[in-house]
Peer 1: 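Okay, handing you the structure first.
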There are 4 protein chains.
Amino acid sequence: MKNTKPKYKKIIDAAVEVIAENGYHSSQVSKIAKRAGVADGTIYLYFKNKEDILVSVFQEKMGQFIERIENQINDHETADKKLYSLIEMHFRQLAEDPHLAIVTQLELRQSKKELRLKINEVLKRYLALVDDILKEGMEEGVFHSHLNIKLVRQIIFGMLDEIVTNWVMKEQRYDLVDQAKEVHFVISNGLKIHQS
Amino acid sequence: MKNTKPKYKKIIDAAVEVIAENGYHSSQVSKIAKRAGVADGTIYLYFKNKEDILVSVFQEKMGQFIERIENQINDHETADKKLYSLIEMHFRQLAEDPHLAIVTQLELRQSKKELRLKINEVLKRYLALVDDILKEGMEEGVFHSHLNIKLVRQIIFGMLDEIVTNWVMKEQRYDLVDQAKEVHFVISNGLKIHQS
Amino acid sequence: MKNTKPKYKKIIDAAVEVIAENGYHSSQVSKIAKRAGVADGTIYLYFKNKEDILVSVFQEKMGQFIERIENQINDHETADKKLYSLIEMHFRQLAEDPHLAIVTQLELRQSKKELRLKINEVLKRYLALVDDILKEGMEEGVFHSHLNIKLVRQIIFGMLDEIVTNWVMKEQRYDLVDQAKEVHFVISNGLKIHQS
Amino acid sequence: MKNTKPKYKKIIDAAVEVIAENGYHSSQVSKIAKRAGVADGTIYLYFKNKEDILVSVFQEKMGQFIERIENQINDHETADKKLYSLIEMHFRQLAEDPHLAIVTQLELRQSKKELRLKINEVLKRYLALVDDILKEGMEEGVFHSHLNIKLVRQIIFGMLDEIVTNWVMKEQRYDLVDQAKEVHFVISNGLKIHQS
DNA sequence: TATGAATGAGTCTTCATTCAT
DNA sequence: AATGAATGAAGACTCATTCAT
């Protein structure tokens, strides 16, 4: 946690709610302040500007998100099981926090370059996690070792991201976690070495 | 082609250029008008509002994009070869039009709900294309027929989309089309039935 | 006249009034727009920003101010008579336009460097006028020719400026033009060569 | 000295520095507090509000300024010599304290009416000094006795003020005190009775 | 006395859209 | 069909001041 001051946390949480409900552009700073129960100006004691709120939300929430996946993964022994666990956790966590899901899948996709770069910075840790699983799978002799890890990492992240986005846009009307098995089947099958 | 009047086309093309160069938020209607060589007000003779320009760009360009893939695919006989062709064409077309790539991958990811829904409408035709290939592969007995087509379609689109986005964000410094083979390998391998 | 468009002039005149009545800092752009009978945004078709209104007021009004003095001066033959004419006209013009006097003497004395530099740019023409009179007087053998023109020019401008400012701050309760004779007496006496 | 408490003085001195360096509008109370080494709130134990800091700076510094001139003047016997001494001291003191010069000549020229009135209050003592010299000169039969003292006082103050302002705006690149002689020559010459 | 975290009022500016010509 | 001058709504951010400790 970057900052444990109670107002900081209250603002972050208020921001997730307000942005999920109204969209980033309709989430006036004053609206977030009111929801957090602080004065408008107080926001600026903790955040550089409005965009910084968005970045901070992502950093805080994604930090936890990734941490939980890291922990969970270690409970499993093979790369393939770890991969399944990652997929399942990815879906589960977003399914459990629909507000956060809306923010990460829709509202955070702003086109401002600076914002995108900061988001990518946070995602690096997640991608590193995927890399580790891939390398492990290759060392185990289970995954094709000629595959370009950077590319496969993009494939996996792209798959998961698109599936979650779809679920959010379909207004979360079905069970996201249910999809984990099949998604894992396809990608695992795709990476694995098969005897022919 | 929705509209063949010369000014309509000039505005569409100007919009792609201007948005690619400046980003959506810095692409004022007046800037697009100037680039297109028309008066500001003229824009509103052809488009309902600013967002409609963006949607129309997507419709026009994506219409062609999908059409070309449709044509190309028919030259191939098996579902797997069609799948490869789709991937290759997806990458090739965006690689050949970097301005368009920037617009579709970055600038179009605005969060306004209405816009996103219209974009999805256009993409339906693309997804239908993927569906056809998948069904064909299942009928051929090559792809696992128990797979949820809607989910696999998301997997494929998500993969390709993420890979193109990465390429755009890395400022197109490497050859995107080169990636087609490996991407096809992974997804094809993932969908195929293997003897164990 | 830099710009003869009627709205430009209306805004300039409204600005002088509003600023004279309320002071620069209490003269919101929207207040000026309303007084000028235009929309807020229209201001920005003619002026870069709020400060630019102030600068433009000065340029427009001071342009006329100086022009009139230039014309008037030419009617006189000796440097000393020209000097008197300059003083009289300086006072007369400001006395005739009390709103302008308030703006130039009080509201324009903002401390922002950029603004001050632009104001000085306009004043150069006025100072050049004074220089010419001084040189002429020296050539006539009437004014001391060893005097530093740049310094004397400051003396004259400073005198006049302070006297007008005092009059404005005393709420213009006495006749400013009445002072011209005595002021001219002192400075003329000060510059002239006397037999001792 | 209005207030001899050490923090009061520290705040005054910090204010002169900060305002000279940053300009009045960029001199936030918090910046002055930090420079003075006190908490923001402490400022308000010694000053009613931000403007009161500025007024107090002027009162403190101008009090000394005038006092020194008063003392110096008494060393001289004739009005004319006193006048020279006043001019020289005026220039010398500001030349020796460039921060103060910037504050008095540029930053203090804010347009808020209340502030200007308080500044004038302080200046009264200075103007009285000038008045005394003028009266003395008239009694000596050296200066024209028909001159309006209030007007001449403005002439003298305006001259000196403009010359110092110019020097400050020219970034103090030349010697201000050097100008005293010539300035005195002009005004003294202007006030004196010459035989014709 | 001293602190400094919190407050919240206040405004310039942009730009999508309109409409008289 | 085309123009482009004019419109006006909308909101992030600053900073002087307060007050509980």
Side-chain angles (χ1 to χ4, degrees), chain A residues 5-8 10-11 24-34 36-53, chain B residues 5-8 11 24-34 36-54, chain C residues 5-8 10-11 24-34 36-53, chain D residues 5-8 11 24-34 36-54:
Chain A
K5 293 181 187 168
K7 300 222 166 161
Y8 176 84
K10 266 162 68 180
I11 294 165
Y24 179 67
H25 286 296
S26 301
S27 295
Q28 294 82 347
V29 171
S30 60
K31 210 182 263 177
I32 295 173
K34 183 173 278 180
V38 300
D40 293 14
T42 304
I43 300 268
Y44 293 88
L45 296 177
Y46 297 94
F47 303 91
K48 219 169 65 251
N49 50 39
K50 189 183 171 187
E51 195 179 289
D52 190 34
I53 304 177
Chain B
K5 295 183 187 166
K7 295 217 172 170
Y8 176 83
I11 294 166
Y24 180 68
H25 284 297
S26 300
S27 296
Q28 295 80 350
V29 171
S30 61
K31 210 183 260 178
I32 295 172
K34 181 174 279 183
V38 301
D40 294 14
T42 305
I43 299 266
Y44 291 87
L45 299 175
Y46 296 93
F47 301 92
K48 215 168 71 248
N49 51 37
K50 188 184 173 184
E51 197 179 286
D52 189 34
I53 305 176
L54 206 53
Chain C
K5 294 180 188 170
K7 300 224 166 160
Y8 176 83
K10 266 162 68 182
I11 295 165
Y24 180 67
H25 286 297
S26 300
S27 295
Q28 294 82 348
V29 171
S30 60
K31 210 182 264 177
I32 296 172
K34 183 173 280 181
V38 301
D40 292 15
T42 304
I43 300 267
Y44 292 87
L45 296 177
Y46 297 94
F47 302 91
K48 221 170 63 251
N49 50 39
K50 189 183 172 188
E51 194 179 290
D52 189 36
I53 304 176
Chain D
K5 297 185 185 164
K7 295 217 172 170
Y8 175 83
I11 293 166
Y24 180 67
H25 285 297
S26 300
S27 296
Q28 295 81 348
V29 171
S30 61
K31 210 182 260 177
I32 295 172
K34 181 174 277 181
V38 302
D40 293 14
T42 305
I43 298 267
Y44 291 87
L45 298 175
Y46 295 93
F47 302 91
K48 214 169 71 250
N49 51 37
K50 189 185 173 183
E51 196 177 287
D52 189 34
I53 304 176
L54 206 54

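These numbers come from the heavy atoms of this one structure, side chains and all, not from hydrogens, waters or symmetry mates.
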Peer 1: Can you check the D:E51 CD to F:dC15 C1' distance for me, whole Å?
Peer 2: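 It works out to 16 Å between those atoms.
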Peer 1: Which value, in whole Å, describes the distance between the P atoms of nucleotides E:dT1 and F:dT21?
Peer 2: 22 Å
Peer 1: With sequence neighbours left out, what residues match B:Q28 under side chain to side chain donor-acceptor pair (under 3.5 Å)?
Peer 2: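 Checked B:Q28 against side chain to side chain donor-acceptor pair (under 3.5 Å); zero matches.
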Peer 1: Starting at OH of C:Y44 and ending at P of E:dA16, how long is that distance when rounded to a whole Å?
Peer 2: 18 Å
Peer 1: Starting at NZ of A:K48, measure out to CD1 of A:I53 and round the result to the nearest 0.5 Å.
Peer 2: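 Taking NZ in A:K48 and CD1 in A:I53, the distance rounds to 11.5 Å.
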Peer 1: If I take atom CZ in residue B:F47 and atom C1' in nucleotide F:dA1, what distance separates them, rounded to the nearest angstrom?
Peer 2: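 Between C1' of F:dA1 and CZ of B:F47: 15 Å.
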Peer 1: Which helical stems does DNA chain E take part in, if a stem means at least 3 consecutive Watson-Crick or G-U pairs with both distances below 3.5 Å?
Peer 2: E:2-21 with F:2-21
Peer 1: Are there any protein N/O atoms within less than 3.5 Å of an N/O atom in nucleotides 3-6 of chain F, and if so, which ones and at what distance?
Peer 2:
unit_1, atom_1, unit_2, atom_2, d
F:dT3, OP2, B:A39, N, 3.0
F:dT3, OP2, B:T42, OG1, 2.5
F:dG4, N7, B:G41, N, 3.1
F:dA6, OP2, C:Y46, OH, 2.6

Peer 1: Rounded to whole angstroms, how far apart are CG on A:D52 and P on F:dA12?
Peer 2: 14 Å
Peer 1: side-chain contact (heavy atoms from CB on, under 4.5 Å) with A:Y24: which residues, sequence neighbours excluded?
Peer 2: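 Applying side-chain contact (heavy atoms from CB on, under 4.5 Å) to A:Y24 gives A:I19, A:K50, A:E51, A:L54, A:E107, A:Q110.
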Peer 1: Who passes ring pair (Phe, Tyr, Trp, His ring centres under 6.0 Å) against A:F47, sequence neighbours left out?
Peer 2: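 Applying ring pair (Phe, Tyr, Trp, His ring centres under 6.0 Å) to A:F47 gives A:Y8.
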Peer 1: What's the closest nucleotide to the C:N49 side chain, out of F:dA1, E:dT13, E:dT17?
Peer 2: E:dT13
Peer 1: Just how far, in rounded Å, is C1' of F:dT7 from CD1 of C:I11?
Peer 2: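 From C:I11 CD1 to F:dT7 C1': 13 Å.
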Peer 1: Measuring from B:K5:NZ to B:L45:CG, what's the distance to the nearest 0.5 Å?
Peer 2: 9.5 Å
Peer 1: Side-chain contact test, heavy atoms from C-beta onward, threshold under 4.5 Å: evaluate it for C:Y46 versus C:D52 and give yes or no.
Peer 2: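 Counting from C-beta outward, C:Y46 and C:D52 never come under 4.5 Å.
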Peer 1: Hey, what do you get for CD1 (B:I11) to CD1 (B:I43), rounding to the nearest 0.5 Å?
Peer 2: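 Reported to 0.5 Å precision, the distance equals 4.5 Å.
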Peer 1: Sequence neighbours left out, what passes side-chain contact (heavy atoms from CB on, under 4.5 Å) with A:S26? Give chain and number order.
Peer 2: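 A:S26 satisfies side-chain contact (heavy atoms from CB on, under 4.5 Å) with A:N22 only.
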Peer 1: Enumerate the residues from residues 24-33 of chain D whose closest heavy atom to DNA chain F is under 4.0 Å, giving them by residue number; use none for an empty result.
Peer 2: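 Result for residues 24-33 of chain D: D:Q28, D:V29, sorted by number.
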Peer 1: For the pair made of NZ in D:K5 and C1' in E:dA2, what is the distance, rounded to whole Å?
Peer 2: 13 Å
Peer 1: Starting at atom NZ of C:K48, determine the distance to atom P of E:dT13, rounded to an integer number of angstrom.
Peer 2: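 Result: 10 Å.
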